[in-house]
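These notes are about the structure you will find just below.
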Amino acid sequence: MKHKNIFVACDTSNLSEIKKIIKQTRTSKLKVIPKFGLQFFYSKNGRRFLKNFKQDFWLDLKINDIPQTAVSAIDSLKDLKKCKYITVHANGGFRMLKAIKKKAKSINKDLQILAVTILTSLNNRSLKEMGHTKSVKQLVLKQAGLIKKAGCDGIVCSAQEAKMVRKKYKKLFIVTPGIRLPGDNTDDQSRIMTPNDAFKNKVSGIVIGRSLIKGNIKNNTQRLIDHLKNDQGV
Ligand code: C5P
């Protein structure tokens, strides 16, 4: 199970909660990498904490702006030495993706740019509401091609599209949020899957927030370990 990337979404602005999540999800049985999003990064102590953080992490800022502004944003993050992954929105377009990747490479060759396709909270109906005429699956596949062409390191989509993306892009790093342990609440997510089903769909890593951090974190981590041990799911 150590080869499976488990990104834990540290979604709180409370520093002691952050430390608790990191400590209580740490286990010799799993490869757990913390993911920090807008809530923590924008909080008073967030950025300072991340500057001094000693382990590799993912900064999930979902950057989406004109190329120059997006590139400058990446430049402003260069003091975060342990930041290994940064997310950007594929919606920012090819030029933005390419420019961001180029900048990231010049800062740190190990810094990986992951591009978010259609948010896992959206479904076909939400796309229609926004004026799209393509389905989630069609758009994700289209954006996967763009992400690849722009030289980005990975794609963020739901596990429901992972099989299709993997079929076409054999070596792409695919990470999937919208993950729930069996029986857990969907909350605001639309396209969800269990960890086992996601890994069956050949994802490279999964993002888990509430299924791990809500309630008793240690118990939830054990539930995840037990679930992953049981390939049939629960
Ligand atoms: O609590 P839950 O497991 O739903 O959290 C999912 C995490 O993944 C959140 O931090 C959210 O910001 C992030 N995320 C997502 N969908 C994406 C990209 C990131 O839910 N497409």
Side-chain angles (χ1 to χ4, degrees), residues 5-14 17-18 20-22 24-25 30 32-43 46 50 57-64 83-92 97 112-124 126-127 130 132 136-137 139-144 146-147 152-162 165 172-199 201 203-217 220-221 223-224 227-228:
N5 290 302
I6 311 288
F7 295 98
V8 57
C10 302
D11 288 337
T12 168
S13 47
N14 182 321
E17 280 290 319
I18 291 278
K20 187 172 151 194
I21 293 169
I22 292 166
Q24 298 198 345
T25 54
L30 299 173
V32 181
I33 303 153
K35 178 186 88 70
F36 302 99
L38 298 174
Q39 183 179 6
F40 184 59
F41 191 75
Y42 286 158
S43 71
L50 293 179
F57 66 93
W58 169 357
L59 191 55
D60 187 14
L61 297 184
K62 300 190 184 72
I63 296 169
N64 187 5
C83 176
K84 190 159 180 216
Y85 308 91
I86 295 180
T87 38
V88 302
H89 263 294
N91 270 331
L97 294 173
Q112 316 228 336
I113 299 298
L114 309 179
V116 178
T117 56
I118 307 300
L119 292 169
T120 43
S121 52
L122 303 174
N123 55 27
N124 283 330
S126 350
L127 291 188
M130 289 189 280
H132 289 289
V136 170
K137 282 209 156 97
L139 273 175
V140 168
L141 200 60
K142 183 88 186 153
Q143 293 186 343
L146 204 69
I147 290 163
C152 291
D153 304 284
I155 179 174
V156 182
C157 59
S158 96
Q160 297 183 11
E161 300 92 49
V165 175
L172 193 61
F173 190 73
I174 304 176
V175 195
T176 59
I179 297 294
R180 287 291 179 275
L181 284 170
D184 280 2
N185 211 312
T186 312
D187 305 301
D188 54 350
Q189 297 284 17
S190 278
R191 301 180 347 264
I192 64 159
M193 213 173 249
T194 66
N196 271 338
D197 287 343
F199 282 113
N201 281 353
V203 303
S204 319
I206 56 172
V207 178
I208 317 190
R210 284 161 287 191
S211 263
L212 280 183
I213 69 168
K214 239 170 88 178
N216 187 317
I217 302 173
N220 292 338
T221 306
R223 273 175 74 212
L224 173 62
H227 168 79
L228 288 171

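Counting starts at 1 for both ligands and their atoms, following the listed order. Heads up: numbering here begins at 1 and tracks the sequence. No hydrogens, no waters, no symmetry mates; every other heavy atom, side chains included, goes into these values.
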Inset, instruction - Starting at CG of Leu30, measure out to CG of Leu228 and round the result to the nearest 0.5 Å. - result: 6.5 Å
Inset, instruction - Apply the side-chain hydrogen bond (donor to acceptor under 3.5 Å, both in side chains) test between Arg210 and each candidate in Asn220, Asp188, Thr186; give the one that qualifies. - result: Asp188
Inset, instruction - Look at the side chain of Arg191 and the backbone N and O of Asn123, then say whether any donor-acceptor pair between them is shorter than 3.5 Å. - result: no
Inset, instruction - For side-chain contact (heavy atoms from CB on, under 4.5 Å), just list the numbers for Gln143 and Asn91, CA-CA rounded to whole Å, side-chain angles, deciding distance to a tenth of an Å, and then say yes or no. - result: CA-CA 8 Å; Gln143 293 186 343; Asn91 270 331; 3.4 Å; yes
Inset, instruction - Under the side-chain contact (heavy atoms from CB on, under 4.5 Å) rule, what do Val175 and Tyr85 come out as? Steps first, then yes or no, please. - result: CA-CA 11 Å; Val175 195; Tyr85 308 91; over 6 Å; no
Inset, instruction - Run the numbers on Ile118 and Leu127 for side-chain contact (heavy atoms from CB on, under 4.5 Å), then give the verdict. - result: CA-CA 9 Å; Ile118 307 300; Leu127 291 188; 4.0 Å; yes
Filter the ligand 1-protein atom pairs down to N or O on both sides and distance under 3.5 Å, then list them.
{"from": "ligand 1", "atom 1": "1 (O)", "to": "Arg210", "atom 2": "N", "distance (Å)": "2.8"}
{"from": "ligand 1", "atom 1": "1 (O)", "to": "Arg210", "atom 2": "NE", "distance (Å)": "2.7"}
{"from": "ligand 1", "atom 1": "3 (O)", "to": "Arg180", "atom 2": "NH1", "distance (Å)": "3.1"}
{"from": "ligand 1", "atom 1": "3 (O)", "to": "Gly209", "atom 2": "N", "distance (Å)": "2.8"}
{"from": "ligand 1", "atom 1": "4 (O)", "to": "Arg180", "atom 2": "NH1", "distance (Å)": "3.2"}
{"from": "ligand 1", "atom 1": "4 (O)", "to": "Arg180", "atom 2": "NH2", "distance (Å)": "3.0"}
{"from": "ligand 1", "atom 1": "4 (O)", "to": "Gln189", "atom 2": "NE2", "distance (Å)": "2.9"}
{"from": "ligand 1", "atom 1": "4 (O)", "to": "Arg210", "atom 2": "NH2", "distance (Å)": "2.9"}
{"from": "ligand 1", "atom 1": "10 (O)", "to": "Asp11", "atom 2": "OD1", "distance (Å)": "3.4"}
{"from": "ligand 1", "atom 1": "10 (O)", "to": "Asp11", "atom 2": "OD2", "distance (Å)": "2.6"}
{"from": "ligand 1", "atom 1": "10 (O)", "to": "Lys35", "atom 2": "NZ", "distance (Å)": "2.8"}
{"from": "ligand 1", "atom 1": "12 (O)", "to": "Lys62", "atom 2": "NZ", "distance (Å)": "3.4"}
{"from": "ligand 1", "atom 1": "16 (N)", "to": "Thr120", "atom 2": "OG1", "distance (Å)": "2.9"}
{"from": "ligand 1", "atom 1": "20 (O)", "to": "Thr120", "atom 2": "OG1", "distance (Å)": "3.3"}
{"from": "ligand 1", "atom 1": "20 (O)", "to": "Gln189", "atom 2": "NE2", "distance (Å)": "2.9"}

